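Below, chains carry the letters A, B, ... as their sequence lines are ordered, and counting in each starts from 1. Keep in mind that this is a model prediction, so the values were computed, not measured.
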Protein chains: 2
Amino acid sequence: MEKKFQAIYDVLAKEIQTEKIRAGQLLPSENELTERFATSRETVRKALQLLSQNGYIQKLQGKGSIVLEQDKLPLPVSGLTSFKELARSMSQKVETSVIELSSKEAHGCNQQVLQCEEGTPIWELQRMRKLDGEAVIYDKDLLLKKLAPGLTKEIAADSIYDYLEQELGLSISYARKEVVVEEADAKDKEILDMGSYQQLVVVRSAVYLEDTTLFQYTESKHRPDKFRFVDFARRTK
Amino acid sequence: MEKKFQAIYDVLAKEIQTEKIRAGQLLPSENELTERFATSRETVRKALQLLSQNGYIQKLQGKGSIVLEQDKLPLPVSGLTSFKELARSMSQKVETSVIELSSKEAHGCNQQVLQCEEGTPIWELQRMRKLDGEAVIYDKDLLLKKLAPGLTKEIAADSIYDYLEQELGLSISYARKEVVVEEADAKDKEILDMGSYQQLVVVRSAVYLEDTTLFQYTESKHRPDKFRFVDFARRTK
DNA sequence: TTGCATAACTTGTATATACAAGTTATGATA
DNA sequence: TATCATAACTTGTATATACAAGTTATGCAA
């Protein structure tokens, strides 16, 4: 079986993306969708809940599901978006170069952020990203070697996430992120085209797999003028 | 009736917050919880799904629900958190002062961001916030007067969200946000204690009610060293 | 002891039913 | 015509059942 509610979500999400159903319009009612997809109402409701969570629709008791204005802003949409996905959605020239990919053993501070034993084999990866020919993003990654033993510079220059999910079948599940602004240090200034900027937007994130193992720690430094973060959030309370 | 799944969520969330159940431990199984709360498994599952969404637990097929490490970082946790809530969780001295609260009619640019008719009555609000005696946040709000007719400087100095939700019974439902870094202008420098900083982190957000009406537009400028954004995100794809 | 099938758990998906709660259009009544 | 109750929709909550899929411990067999 192939997850009906996911399939229904995909169909409806695409119809909204392609504006087959326009913003402000109502989706067909749950009963109609139940008929259309030859399923049960609960299954339809699961699909609709996903749409709601991802900002496609707003459900209104008694009325129906209204299609929301789409963010034309072609950006991160919070969540876990890899740089490659991000770059694809921006129609700019993007270039990634690997500064360093080395195999080390966890110690002290490294070991602490990855919450692993002293001496655990890890990858230490540094990459620089160019947008329109300017070096504006500097990424440092720490990952457990055990889970991505065959990592190479070529893979790192493409997309780590693709490699993990499609090649290795690992399921990235959730992440914690922190965004702050910090002074650029000497190394930052050496790597990036800082112009007259003295500060960087720093995104630190810890990425976890389905089984809750902390797998990757990333520090991503962005030149302030090239940084933008877009978010859709529902009030949970 | 009083929404059982919400009640179950509240109980379990509190047990996790107070570390009655600690990180790394498993929750009781769905069947056990079903018995404990004298309900059905589906209802328990709805509660667990909420916990999962909000970063309290990770569900593992075949194993159970693991309690996740809690963010000790006492900060925004994405979502829609009002400044008052935020301030409460930080044990710093916080002070809000209203710079301006005036009643206007929408025109040109104002009208555009609020997506309303020319001439619609709106509130224009400007506030400055001090942390530990330093002026570090500058907020500008536009809101539809129709929905909050009795707004006063006193209310604005406290919490607009409390007023809207508790006094007026309005349901804030979702928001779109954008975070960028911009140069501070003359007005910013006049209002805030900028020190040697030249830039500000600007959070622009559009806040919507349950019926999808755009109700408030906010521009919140933060001195870079006092800005921090923390996020928990699940990979949806 | 070791290895392996299996049983007994766990969560995931799909379905059906019932009623509550909110919205809207209908139509009878004044 | 105008008003209002109501019927006919909509989504929300709660329950029950069945089976699929993943994990773990049991215990038999080699």
Residues D139(B), K221(B): salt bridge by 4.0 Å N-O rule: no
Using 30° and 60° as the class limits, which term best fits the ring planes of Y174(B) and Y208(B): parallel, tilted or perpendicular? parallel
Just how far, in rounded Å, is P of dT13(C) from OH of Y9(A)? 15 Å
Name all pairs fulfilling the salt bridge (Lys or Arg N to Asp or Glu O under 4.0 Å) condition that reach into residues 35-45 of chain A, sequence neighbours left out, sorted by first residue then second. E15(A)-R36(A), E30(A)-R41(A), E30(A)-R45(A)
The ring pair (Phe, Tyr, Trp, His ring centres under 6.0 Å) partners of Y163(B) (sequence neighbours excluded) come to none
Say whether T218(B) and K140(B), considering side chains only, have a donor N or O and an acceptor N or O under 3.5 Å apart. no
Are K59(B) and dG12(C) close enough that a side-chain N or O sits under 4.0 Å from OP1 or OP2? yes
With sequence neighbours excluded, what pairs up with F37(A) under the ring pair (Phe, Tyr, Trp, His ring centres under 6.0 Å) test? none
For L51(A) and dT11(D), give me the distance from atom CG to atom P, rounded to whole Å. 13 Å
Round to the nearest Å and state the distance from K3(B) atom NZ to dA21(C) atom C1'. 11 Å
Remember a base hit wins even if backbone is also touched, and classify L48(B) as base, sugar-phosphate or nothing at under 4.0 Å, heavy atoms. nothing
Quick one: salt bridge (Lys or Arg N to Asp or Glu O under 4.0 Å) partners of R204(A), sequence neighbours excluded? E178(A), E182(A), E219(A)
Using side chain to side chain contact (heavy atoms under 4.5 Å, CB included) as the criterion, point out the one residue from L68(B), I66(B), I16(B) that pairs with I57(B). I16(B)
Taking only heavy atoms on the protein side, list every residue of residues 26-45 of chain B lying under 4.0 Å from any atom of DNA chain D, sorted numerically. T39(B), S40(B), R41(B), E42(B), T43(B)
Where the side chain of S52(B) meets the backbone of L48(B), is there a donor-acceptor pair that is under 3.5 Å apart? no
Given atom CG of D211(A) and atom P of dT11(C), what is their separation to the nearest angstrom? 16 Å
Write down the distance between NZ (K46(A)) and C1' (dT13(D)), rounded to a whole number of angstrom. 15 Å
Using OP1 and OP2 only, check whether a side-chain N or O of K4(B) sits under 4.0 Å from dT15(D). yes
I'd like a list of close polar pairs between nucleotides 23-27 of chain C and the protein, N/O only, cut-off under 3.5 Å.
residue: dT24(C); atom: OP1; partner: K63(A); partner atom: NZ; Å: 3.4

